[in-house]
Amino acid sequence: MKLHISKEGVFIPSFNKNRELPATDQITVRYRYPTLAIKNRCRSKPQAKGISGADGRIEKMEITIDKDELATLKEMLISISNCAYCEGDAEHKIISAQHLIDAPINFEPLLKEIVKEFDRILDEPSIDEKN
């Protein structure tokens with residue numbers, strides 16, 4: 001069996017009513033499809049923590065899985081188009097993960113939406129089978 005898999009994808013965020021704009025004005029996010037190595041770097045291993053009582057017996061167990069949002073963003077984001085903000089007379093384009101991280105807090109919902117989409121892709125991979 002041979003699978004034909006794309007290396008890149010495109011995502012149109014809904015941030016700030018972006019999807020209602022004409023296609024030429026929409027913020028567009030290009031991302032790389034994750035490899036197993038990318039998924040491994042973006043997802044911490046589950047960690048178990050036992051809570052013991054005074055007698056030393058384990059009373060309860062907690063399992064946590066950490067997700068590093070910024071690592072996910074940096075690993076998967078290729079570019080952002082049509083995204084900018086003005087400070088005074090200066091216009092600042094947001095075209096990369098680092099630009100988005102360094103942007104004013106007003107862009108946090110955009111960052112969260114992009115990471116949420118990337119998490120969905122990492123957690124629910126689908127294969128476009130063209131056999």
Side-chain angles (χ1 to χ4, degrees):
M1 171 183 4
K2 183 189 292 187
L3 299 177
H4 297 272
I5 300 173
S6 300
K7 289 186 172 193
E8 295 181 7
V10 175
F11 169 61
I12 308 295
S14 60
F15 168 75
N16 205 26
K17 300 181 182 177
N18 181 56
R19 291 183 184 162
E20 297 172 15
L21 297 173
T24 56
D25 295 332
Q26 290 179 342
I27 296 172
T28 304
V29 175
R30 284 185 47 235
Y31 62 91
R32 66 183 48 82
Y33 281 117
T35 62
L36 294 173
I38 288 173
K39 183 173 183 173
N40 192 43
R41 286 191 297 267
C42 293
R43 296 290 188 266
S44 297
K45 304 289 185 253
Q47 297 180 6
K49 179 170 75 170
I51 310 220
S52 61
D55 61 357
R57 292 186 179 164
I58 294 178
E59 292 181 353
K60 76 176 188 180
M61 196 72 143
E62 293 179 358
I63 297 175
T64 59
I65 299 175
D66 295 328
K67 294 181 180 183
D68 185 343
E69 290 183 347
L70 298 184
T72 301
L73 187 72
K74 290 176 181 178
E75 287 278 357
M76 292 182 62
L77 185 77
I78 295 172
S79 67
I80 302 173
S81 302
N82 294 327
C83 188
Y85 63 96
C86 294
E87 284 181 323
D89 293 337
E91 181 179 293
H92 302 277
K93 291 185 178 186
I94 299 175
I95 59 173
S96 68
Q98 194 59 52
H99 288 144
L100 184 56
I101 292 166
D102 293 338
I105 198 161
N106 309 65
F107 288 91
E108 184 178 27
L110 175 61
L111 186 147
K112 297 277 187 194
E113 183 180 354
I114 292 170
V115 170
K116 183 178 178 182
E117 176 66 11
F118 291 172
D119 283 342
R120 185 193 64 75
I121 293 164
L122 284 166
D123 293 338
E124 302 171 16
S126 62
I127 297 174
D128 182 15
E129 297 184 37
K130 300 176 184 173
N131 295 330

For Met76 and Ile121, which heavy atoms make the closest approach, and how far apart are they?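 Heavy-atom minimum between the residues: CE-CG2, 4.2 Å.
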Tell me the closest heavy-atom pair linking Pro13 and Val29, and the distance in Å.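 Answer, listing the atom of Pro13 first, then Val29: CG-CG2, 3.9 Å.
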In Å and rounded to the nearest 0.5 Å, what is the [atom1] to [atom2] distance from [X] to [Y]?
X      : Y      : atom1 : atom2 : value
Ile27  : Asn16  : CD1   : CG    : 7.0 Å
Arg32  : Ser6   : CZ    : OG    : 14.5 Å
Ile80  : Ser96  : CD1   : OG    : 7.0 Å
Glu124 : Asp119 : CD    : CG    : 10.5 Å
Ile5   : Thr35  : CD1   : OG1   : 11.5 Å
Leu36  : Arg41  : CG    : CZ    : 11.0 Å

Same cluster (ILVMFWY, side-chain, under 4.5 Å), Ile95 and Leu110: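 No; Leu110 is not reachable from Ile95 via cluster members.
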Mind checking what makes salt bridge (Lys or Arg N to Asp or Glu O under 4.0 Å) contact with Asp102, not counting sequence neighbours? none
Strictly below 4.0 Å, N to O, side chains only: are Lys39 and Glu75 in salt-bridge contact? no
Salt bridge between Glu62 and Lys60, side-chain N to carboxylate O under 4.0 Å?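 So Glu62 pairs with Lys60 through a salt bridge.
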Members other than Ile12 in its cluster, when Ile, Leu, Val, Met, Phe, Trp, Tyr link by side-chain heavy atoms under 4.5 Å?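 In the cluster with Ile12 are Val10.
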Applying ring-ring contact (aromatic ring centres under 6.0 Å, His included) to Tyr31 and Phe118, what does each step give before you reach the verdict? CA-CA 9 Å; Tyr31 62 91; Phe118 291 172; 5.4 Å; yes
Counting only heavy atoms from other residues, nucleotides and ligands, does the tally under 6.0 Å from CD1 of Ile51 exceed 12? yes
Would you confirm whether Asp68, through its side chain, and Leu70, through its main-chain N or O, come within 3.5 Å as a donor-acceptor pair? yes
Do any side-chain atoms of residues 86-94 form donor-acceptor pairs under 3.5 angstrom with protein atoms, and if so which ones, sequence neighbours left out?
unit_1: Glu87; atom_1: OE1; unit_2: His92; atom_2: NE2; d: 3.2

Only one of Ile114, Leu77, Ile38, Leu122 passes side chain to side chain contact (heavy atoms under 4.5 Å, CB included) with Thr72; say which it is.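 Of the listed residues Ile114, Leu77, Ile38, Leu122, the side chain to side chain contact (heavy atoms under 4.5 Å, CB included) partner of Thr72 is Leu122.
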Please name all residues satisfying ring-ring contact (aromatic ring centres under 6.0 Å, His included) with Phe107, sequence neighbours left out, ordered by chain then number. Phe15, Tyr85
So Ile78 and Glu8, do their side chains get closer than 4.5 Å, heavy atoms only?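 Yes, at least one pair of side-chain atoms sits under 4.5 Å.
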What residues, two or more places apart in sequence or in another chain, satisfy side chain to side chain contact (heavy atoms under 4.5 Å, CB included) together with Asn106? Pro104
My understanding is that only residues two or more places apart in sequence, or in another chain, count here; which of them pass side-chain hydrogen bond (donor to acceptor under 3.5 Å, both in side chains) with Ser14? Glu113
